[in-house]
Amino acid sequence: MPELPEVETIRRCLEPLLVGRRVVGVRVRRPDVVGHPTSARSFRRGVRGRTVHAVGRRGKYLVLEFDGGRELVTHLRLSGHLAVVERRSVPRHERIRYVLSDGKVLSFIEPRALGRAYLVERGRYPRALRGMVSMGPEPIAPGFNVRWLASQLRGRRAPVKALLLDQRVCCGVGNIYADEALHRAGVKPARPAHGLKPAEVSRLADKLREVLRDGIRWCGTTLGDGRYLRPDGRAGSFQHRLAVVGRAGDGCRRCGGIVRRTRVAGRGTYYCPGCQK
DNA sequence: CTTGTGTCCTGTAGGC
DNA sequence: TGCCTACAGGACACAA
């Protein structure tokens, strides 16, 4: 499932392939993945003819900036995938197809059809995209620090993991990196947020930033489920460096304890009872 | 406001 | 072998 490091990897891969190219054709194969405007026809008409000026990212959203102040915002949700393919190639589960002026095709592939593409005017986000407006600071940017995290955890009795997954608190963080950050920080995912000591909050802020940066460095996490791939079809490699996710029953690499899988905040959760308190 | 639960969606894994 | 069900989860809707 693409989280901040995966979307950032996708962004970096797409940037040189898309900037300066014009979208000469749009094909919507599955209208319900168009989140805005309401009709696939107006989406198609609004995108066609536009030139990509920049490729950005906000949290887990990928943002293609067009001329004329419009943006194509895409959220990949759980199984979404963006691939640059040849003109003849039609990937399985392709939902939207953008034909580019250089003859290549940007294909929005989404087996579960939960991902969405939105065409909006810059800064004017529709109801369906209000998550973009309420989104917190990027954990890898300077605005995210111990003070911010402490202010968000204060007085909250929800499990600390639930707050890491809250995009208003830690944008871009999803199930994998939340578990990995908590493991690096030595904090049990189910701990009520307000019970964390200042040193633990501080460690968590540091480790969150660290694990996201590592995820980017290793080009994201490709697990068997979800099948995240980079736009050129290559896998990421952070899956080889996961400390707890997917390792239930195996030994913790730090303390030798047995990694467990439980359920926290309604999500499958991996942690080590030996070194996470 | 805060917190927990249900919903969307479909490929895959597991049971019999 | 093949059918069926449960499960996975990000973001949002909604209830208490």
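Note on naming: letters A, B, ... go to the chains in the order of the sequence lines (proteins, then strands), and numbering restarts at 1 for each one. As a basis for the values below, the full set of heavy atoms in this structure was taken, side chains included, without hydrogen atoms, waters or symmetry mates.
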ask   = Does one side chain, of A/Glu94 or A/Ser107, offer a donor that lies under 3.5 Å from an acceptor on the other?
value = yes
message = The criterion is side-chain hydrogen bond (donor to acceptor under 3.5 Å, both in side chains); which residues satisfy it with A/Tyr270, sequence neighbours excluded?
response = A/Arg261
ask   = Could you give all pairs that pass the ring-ring contact (aromatic ring centres under 6.0 Å, His included) test and reach residues 81-111 of chain A, with sequence neighbours left out?
value = none
request  = Write down the distance between CG (A/Asp166) and P (C/dG9), rounded to a whole number of angstrom.
outcome  = 17 Å
ask   = Does A/Arg77 or A/His93 map to a spot on DNA chain B nearer the 5' end, using the closest nucleotide for each?
value = A/Arg77
ask   = A/Cys13: what forms a side chain to side chain contact (heavy atoms under 4.5 Å, CB included) with it, not counting sequence neighbours?
value = A/Pro231, A/Asp232
message = Can you list everything that forms a side-chain hydrogen bond (donor to acceptor under 3.5 Å, both in side chains) with A/Arg209? Sequence neighbours excluded, please.
response = none
key: N-O pairing of A/Glu110 and A/Arg95 below 4.0 Å   = no
task = Pick base, sugar-phosphate or nothing for A/Arg116, based on heavy-atom distances below 4.0 Å to the nucleic acid.
result = nothing
note = Taking Watson-Crick and G-U wobble contacts under 3.5 angstrom, with | marking pairs to another strand and [ ] crossing pairs, the secondary structure of DNA chain B is written .|||||||||||||||
Side-chain donor-acceptor contacts of residues 15-27 of chain A below 3.5 Å, not counting sequence neighbours, with atom names and distances?
| unit_1 | atom_1 | unit_2 | atom_2 | d |
| --- | --- | --- | --- | --- |
| A/Glu15 | OE2 | A/Arg11 | NH1 | 3.1 |
| A/Arg21 | NE | A/Asp102 | OD2 | 3.0 |
| A/Arg21 | NH1 | A/Val19 | O | 3.2 |

Can you give me the N/O atom pairs linking the protein to nucleotides 4-8 of chain C at distances under 3.5 Å, or say none if there are none?
| unit_1 | atom_1 | unit_2 | atom_2 | d |
| --- | --- | --- | --- | --- |
| C/dA8 | OP1 | A/Arg261 | NH1 | 3.4 |
| C/dA8 | OP1 | A/Arg261 | NH2 | 3.2 |
| C/dA8 | OP1 | A/Arg263 | NH2 | 3.1 |
| C/dA8 | OP2 | A/Arg263 | NH2 | 2.5 |
| C/dA8 | N3 | A/Arg112 | NH1 | 3.4 |

Gap between atoms CG and C1', on A/Leu223 and C/dG9 respectively (whole Å) = 13 Å
key: Remaining members of hydrophobic cluster (4.5 Å side-chain criterion), A/Val264   = none
request  = Could you tell me the separation between the CG atom of A/Leu163 and the P atom of C/dA11, rounded to a whole number of Å?
outcome  = 14 Å
message = For a quick check of understanding: with a heavy-atom distance under 4.0 Å over all strands, which category does A/Arg127 fall into, base, sugar-phosphate or nothing?
response = sugar-phosphate
ask   = Can you tell me how far C1' of C/dG9 sits from CG of A/Leu114, to the nearest Å?
value = 9 Å
message = Can you tell me how far apart OG1 (A/Thr269) and CG (A/Leu165) are? Round to the nearest 0.5 Å.
response = 8.0 Å
message = Expressed as a whole number of angstroms, how long is the span from A/Leu164:CG to C/dG9:C1'?
response = 16 Å
ask   = In the hydrophobic cluster built from side-chain contacts under 4.5 Å, what are the other members alongside A/Val120?
value = A/Tyr61, A/Val63, A/Val73, A/Tyr118, A/Tyr125, A/Leu129, A/Met132, A/Val133, A/Met135
request  = Not counting sequence neighbours, list each pair that qualifies as a side-chain hydrogen bond (donor to acceptor under 3.5 Å, both in side chains) and has a residue in residues 179-193 of chain A.
outcome  = A/Lys161-A/Asp179, A/Arg184-A/Glu210, A/Arg184-A/Asp214, A/Arg191-A/Glu200
Start and end of the DNA chain B segment that chain A contacts, any atom under 4.0 Å from a heavy atom = B/dT2 to B/dG11
ask   = Expressed in angstrom and rounded to an integer, what is the separation of A/His81 atom NE2 from C/dG10 atom C1'?
value = 18 Å
request  = Quickly work out the A/Arg168 CZ to C/dA11 C1' distance and round it to whole Å.
outcome  = 11 Å
query = Under 4.0 Å: is that the gap between some side-chain N or O of A/Gln167 and OP1 or OP2 of C/dG10?
reply = no
ask   = When the distance from CD of A/Glu110 to P of C/dG10 is rounded to whole Å, what number comes out?
value = 13 Å
key: Contacts of A/Arg50 that satisfy side chain to side chain contact (heavy atoms under 4.5 Å, CB included) - sequence neighbours left out   = A/Phe66, A/Asp67, A/Arg70
